[in-house]
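The block underneath contains the structure these notes are about, expressed in structure tokens.
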There are 2 protein chains.
Amino acid sequence: MKGEAAKLNETRDRFVAQWGVMGTQWGINRTMAQIHALLMTNPEPMSTDEVMEELHISRGNAHTNLKELVNWGLLRIVTRKGERKEYFEAELDVWEIFRRIVKERKRRELDPALDLLEDCMTESKGMTTAGGRAFHEQMKSLEEFVHFASKMSDRVGSMPHGKTMKLALKLFG
Amino acid sequence: MKGEAAKLNETRDRFVAQWGVMGTQWGINRTMAQIHALLMTNPEPMSTDEVMEELHISRGNAHTNLKELVNWGLLRIVTRKGERKEYFEAELDVWEIFRRIVKERKRRELDPALDLLEDCMTESKGMTTAGGRAFHEQMKSLEEFVHFASKMSDRVGSMPHGKTMKLALKLFG
DNA sequence: CATCTCTTTCAGTAATTATCGAAACTTCAA
DNA sequence: TTGAAGTTTCGATAATTACTGAAAGAGATG
């Protein structure tokens with residue numbers, strides 16, 4: 001009969017491994033997703049060396065991805081008194097995780113698209129041929145939509161948890 | 001002085017090229033995003049050969065990505081009477097584009113995560129150690145959130161065009 | 001049933017992205 | 001200072017993903 005501790009380890013390992021696989025499908029790299037999963041399910045903050053050992057990865061890889069997760073706001077750096085080493089702990093609140101991801105993705109995905117669309121709209125403004133006008137209209141529709149999505153992201157990012165959920169339910173419930 | 005047609009071509013080429021670059025940042029490949037941009041801004045449906053020529057890509061590449069876009073529901077295959085060749089035309093309605101993307105991403109990203117989380121929840125149910133309980137709670141929180149997101153996606157997918165957008169715009173200004 | 005037109009597949013190659021491992025750098029304390 | 005402990009960088013390599021080009025397949029038509 002398997003002990004609870006053993007079963008927990010096993011389940012957790014599976015979670016970490018699979019979360020990594022999924023990460024690759026969401027466009028983030030495997031290691032980053034694995035580290036995130038590892039830290040979300042570790043009761044204590046972990047050091048770079050502990051992460052390296054747990055996932056069997058190199059120091060460079062661990063370092064790069066830990067720092068990237070800190071940039072995303074998904075991990076915090078913590079220190080222990082009297083120690084120089086840095087430890088990392090995960091944000092555990094799911095709404096907060098969601099907000100950080102929304103914010104980062106907006107910055108990376110929506111903002112550049114908006115710039116491009118605005119530019120194409122301006123360039124094609126006042127065109128008189130059928131093709132030119134159709135192009136302008138399409139750019140305008142896309143711009144309006146992305147602009148809308150962008151605004152929504154901002155709102156989500158600056159809204160207290162419960163409220164966001166209520167609003168979402170109101171819109172879609 | 002540049003003619004309107006020349007300027008349109010130039011702007012459109014820039015749109016296609018940049019949309020491609022952005023595609024890579026959204027986790028879809030450059031060619032797929034470029035083809036999508038090309039067809040969204042082409043007044044007529046295009047054949048595989050026309051796409052190949054316009055983007056300077058191979059037949060295999062064009063074929064694969066056209067079919068992938070059809071799978072996503074972002075392109076339709078159309079035929080001309082008396083011709084055997086297939087032509088492709090883009091869905092132009094932004095709300096419809098959004099719905100197709102949401103639906104596809106839910107299937108690829110949310111559903112597998114849900115399976116994993118449900119499984120981890122079940123496995124850790126009833127654990128008694130502090131670590132086991134914490135793990136179970138974290139899995140539960142994540143599961144609840146992803147489940148909620150999944151439901152939201154379904155709602156979006158079955159909502160009439162424009163209606164939600166208008167309501168949301170009203171609420172968000 | 002031979003051939004023409006168009007579509008699909010796929011093995012090989014190119015391009016991109018992730019990872020390693022070691023060296024360089026930084027900081028602190030003896 | 002010097003060295004120990006820890007962090008960061010980076011060139012080389014591995015792994016993954018995208019693309020090509022050619023060949024095979026699938027219908028239609030005479």
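In this text the structure is predicted, and so the values were computed from the model without any measurement.
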Quiz item: Which heavy atom in A:Arg80 sits nearest to a heavy atom in A:Pro45, and how many Å separate them?
Solution: NH2-O, 3.9 Å

Quiz item: Which heavy-atom pair separates B:Val146 from B:Leu110 by the least distance, and what is that distance?
Solution: CG1-O, 3.9 Å

Self-check item: nucleotides 14-23 of chain D: protein proximity per nucleotide (B base, S sugar-phosphate only, - neither; heavy atom, under 4.0 Å)
Solution: --S-SSBB--

Quiz item: Whole-Å distance between D:dT7 C1' and A:Glu68 CD?
Solution: 17 Å

Practice problem: Please state how far atom CD in A:Glu83 lies from atom P in D:dA4, giving the value in whole angstrom units. | Solution: 19 Å

Exercise. Applying side-chain hydrogen bond (donor to acceptor under 3.5 Å, both in side chains) between B:Asn42 and each of B:Glu54, B:Glu89, B:Arg12, report the one that passes.
Key: B:Arg12

Show me the side-chain donor-acceptor pairs of residues 30-37 of chain B shorter than 3.5 Å, one per line, residues at least two apart or across chains.
| unit_1 | atom_1 | unit_2 | atom_2 | d |
| --- | --- | --- | --- | --- |
| B:Thr31 | OG1 | B:Asn61 | ND2 | 3.3 |

Exercise. For the residue pair B:Phe145 and B:Phe148, categorise the inter-ring angle as parallel (less than 30°), tilted (30 to 60°) or perpendicular (more than 60°).
Key: tilted

Quiz item: So where does chain B start and stop touching DNA chain C, 5' to 3', when the test is distance under 4.0 Å to a non-hydrogen atom?
Solution: C:dT5 to C:dT16

Quiz item: Thinking salt bridges, do A:Arg100 and A:Glu96 make one under a 4.0 Å N-O criterion?
Solution: yes

Self-check item: Quiz item: A:Arg84 side-chain donor-acceptor pair to D:dA5 base, under 3.5 Å
Solution: yes

Quiz item: Going through the distances and angles, do B:Trp19 and B:Trp26 end up as a ring-ring contact (aromatic ring centres under 6.0 Å, His included)?
Solution: CA-CA 10 Å; B:Trp19 203 253; B:Trp26 309 338; 5.3 Å; yes

Exercise. Taking only the side-chain nitrogens and oxygens of A:Lys85, find out if one of them lies under 4.0 Å from OP1 or OP2 of D:dA5.
Key: no

Quiz item: Under 4.5 Å between side-chain heavy atoms, hopping through other hydrophobics if needed: is there a path connecting B:Leu66 to B:Ile97?
Solution: yes

